[in-house]
There are 2 protein chains.
Amino acid sequence: MRVTIKDIAKYCGVSSGTVDRALNNRPGIKEKTKQKVLQAAKDLKYRPDFTARSLVKGRTMTLGIVLFDLYNRSYAQLLTAVELKAREYGYFLYIALTDKDMENEKQCIEYLANHKVDGIILFSVNKGTEFEEYLHGFSIPIITIFNFLSADWEYVGIPERAAMKNGVSHIIDKGYKQFIYISPPLKYKGITNIYTQEERLQGFLEALASNDLKEAEIIRHNDYLDYLEKINFRQRERTAIICSCDLYALEVMRFLKTKGYSIPLDVGIMGFDNIDVLKYVTPALTTIEYPVEAIGDKAVESLVHKIEKGSYITKENTELSYRFIAGESI
Amino acid sequence: MRVTIKDIAKYCGVSSGTVDRALNNRPGIKEKTKQKVLQAAKDLKYRPDFTARSLVKGRTMTLGIVLFDLYNRSYAQLLTAVELKAREYGYFLYIALTDKDMENEKQCIEYLANHKVDGIILFSVNKGTEFEEYLHGFSIPIITIFNFLSADWEYVGIPERAAMKNGVSHIIDKGYKQFIYISPPLKYKGITNIYTQEERLQGFLEALASNDLKEAEIIRHNDYLDYLEKINFRQRERTAIICSCDLYALEVMRFLKTKGYSIPLDVGIMGFDNIDVLKYVTPALTTIEYPVEAIGDKAVESLVHKIEKGSYITKENTELSYRFIAGESI
DNA sequence: ATGAAAGCGCTAACAA
DNA sequence: TTGTTAGCGCTTTCAT
């Protein structure tokens, strides 16, 4: 049987109220009694039951984070930052992975709510008013990351569109004339939340537009390698392949290398994310870096602020930057 | 205010006991009343409070996992598998990262215990009888992974030593005569738990011994690149650099490439882990693969079994394999 | 089949 | 300064 506050009370010959005062150093207790109780707690190896405390306090000192998966290195880095920051503030972290399944995500959120987390960090795959209605029903502080939901929800992220536009502008300056853009399947467009991907695509298009370039092939399916296979890059004008994330870019690079193409002589490749393994890849991938740890930190800070002070830290303070990384792949 | 079981009771004109019977479909309730209550719960948007349930049930339906960090891809994969499996069994997962800090780890475990997790998956940096004493004090089911603690604790992992021995034997068969082994700093040897690293090193030594090879340089500090820099690999007999994990191997490979060495012609490199990014690296790194997801699955299965049935699934069933991956780097 | 009531371990308000 | 007591929301036992 676990040692409870009552056991200590009995052991010391005081009441449970007094024990509570000592343990949580609240005022109204004689120093001597306090020491006695504290010693007893140590002797008996007392350990507080957060479950019971939560019940009466109405707070659990836990946060929940909802992510797709940890396949992309960036997510793992984000999670690390969030865990660290959360515990710094005294919060424990539940992790829930949705595998991009909309129903699963809803269930995860529901479970987190039932477990009475004090706040949720949400990288959602769901979107739309119905979903937002659903979220509002929980009346739990929620902060969205990466995938924007609506102005109703606090958001931490980077200006994806501007970042991509900036990157592609650099490429255009290098004299590339033809562009292929590779993005995850958008077949769920309009249904699932693909905010970040859409923003990056728009950034790409904007960069082309502002340079009076119209030619661009946009590939939004998983068979992009098949598509690339049909192309003879040595017979085209200098072509740049822009990928919406580094993982795609690495796949493309690997594929084109097996096809005997020289990169960037025959064809250029750009990624997005600057995942940490890039340093082991040659040629160095040109990409866009953003402070993923900072996003995690900001999210936690703002969320905890909301929980404890009743208001989020405003967006003005959570603006984050990006950086073009000139590699050798384009 | 949240809707409670009492609200439903009042709403339906029944007692809270009846509501409970309906909600958790326990026997002793008329079908009609049950439907009425269920409907009311829906109407009022009732959501159970797991905190309260936990208090009376003595179980929280949560597990905790304690890891160093998520820097190594393998850990992220492991975590993904664990989360998935845990929720499959109806458990939620707390994550606690220790950053290899011994005190931090103890604190994490303590917090998890206070939050009343039903079980803990532990990849520990602590070790020794004092620590084990500490763990026993919690009387919570614990399963250790990767870093073995003692026979007192259920363990899931792979035969690290045999795996490394097997891999190195392959290398020896290729005719390599000189060997350099690179491992994380062992300055804490005897203090922190470096079981896996020690086992791998022993496997390496055993492989040499059984081939009557004595020559080996073992580097156990972080300045291994400085050490390698002093060596002219073209003037030595064929040298193999064995790294205790892929991350080191990738660092070494990158470094030697910048030094103008051809791999594997001038020097061979082998890693361990088979992290998923290897496919983007050339030359393909020779390494050892093990089923990290399976380790996560087994850990959860065994832990849940212990929680629910009172006994762990025995070690015989949790033996996992490894596989030598012949790349082009050695 | 249903209701009443005790209690999980803790906190907090009120008495003494 | 200390003790007493009433909950927090739920489950469970014992009456009815």
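Per chain, numbering begins at 1; letters A, B, ... match sequence-line order.
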Q: So, are B:Arg59 and B:Glu308 salt-bridged, with charged N and O less than 4.0 Å apart?
A: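 The answer is yes: the pair qualifies as a salt bridge.
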Q: Between the side chains of B:Ser74 and B:Asn72, is a donor N or O closer than 3.5 angstrom to an acceptor N or O?
A: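 A donor-acceptor contact under 3.5 Å links the two side chains.
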Q: Nearest to the side chain of A:Ser15, heavy atoms from C-beta on, is which of D:dG3, C:dA1, C:dT11?
A: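 Nearest to the side chain of A:Ser15 among the choices is D:dG3.
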Q: Under 4.0 Å between a side-chain nitrogen and a carboxylate oxygen: does that hold for A:Glu110 and A:Lys106?
A: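 Salt bridge flag = no for A:Lys106 with A:Glu110.
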Q: Is A:Arg21 touching bases, backbone alone, or none of the nucleic acid, heavy atoms closer than 4.0 Å?
A: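 Base contact.
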Q: Please report, rounded to the nearest Å, how far the P atom of D:dT12 is from the CG atom of B:Asn24.
A: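 Checked: the CG to P distance equals 8 Å.
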Q: For A:Lys10 and D:dG3, what is the distance between atoms NZ and C1' respectively, to the nearest whole Å?
A: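 It works out to 16 Å between those atoms.
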Q: Of A:Ser16 and A:Lys30, whose closest DNA chain D nucleotide lies nearer the 5' terminus?
A: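 By nearest-heavy-atom nucleotide position, the 5'-most residue is A:Lys30.
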Q: Take atom CG of B:Asn114 and atom C1' of C:dC10, then tell me their distance rounded to the nearest Å.
A: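 From B:Asn114 CG to C:dC10 C1': 13 Å.
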Q: Does one side chain, of A:Gln39 or A:Asp43, offer a donor that lies under 3.5 Å from an acceptor on the other?
A: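 Yes.
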Q: Nearest nucleotide by nearest heavy atom, which residue falls closer to the 5' end of DNA chain D, A:Gly28 or B:Lys6?
A: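 Final value for this comparison: A:Gly28.
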Q: Expected output is a numbered-order residue list: members of residues 44-60 of chain B with a heavy atom under 4.0 Å from any atom of DNA chain C. What is it?
A: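 B:Leu55, B:Val56, in order of number.
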Q: Does A:Ile142 offer a backbone N or O that forms a donor-acceptor pair with the side chain of A:Glu154 under 3.5 Å?
A: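 The answer is no, because no donor-acceptor pair under 3.5 Å joins these two groups.
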Q: Counting heavy atoms from C-beta on, name the nucleotide in C:dT2, C:dA5, D:dT2 closest to the side chain of B:Ile29.
A: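 Closest of the options to the side chain of B:Ile29: C:dT2.
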Q: How many whole angstroms separate atom CD1 of A:Ile5 from atom P of D:dT4?
A: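 Result: 15 Å.
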Q: Give me each pair satisfying ring-ring contact (aromatic ring centres under 6.0 Å, His included) with a member in residues 24-61 of chain A, each pair once, sequence neighbours excluded.
A: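 Found A:Phe50-B:His115.
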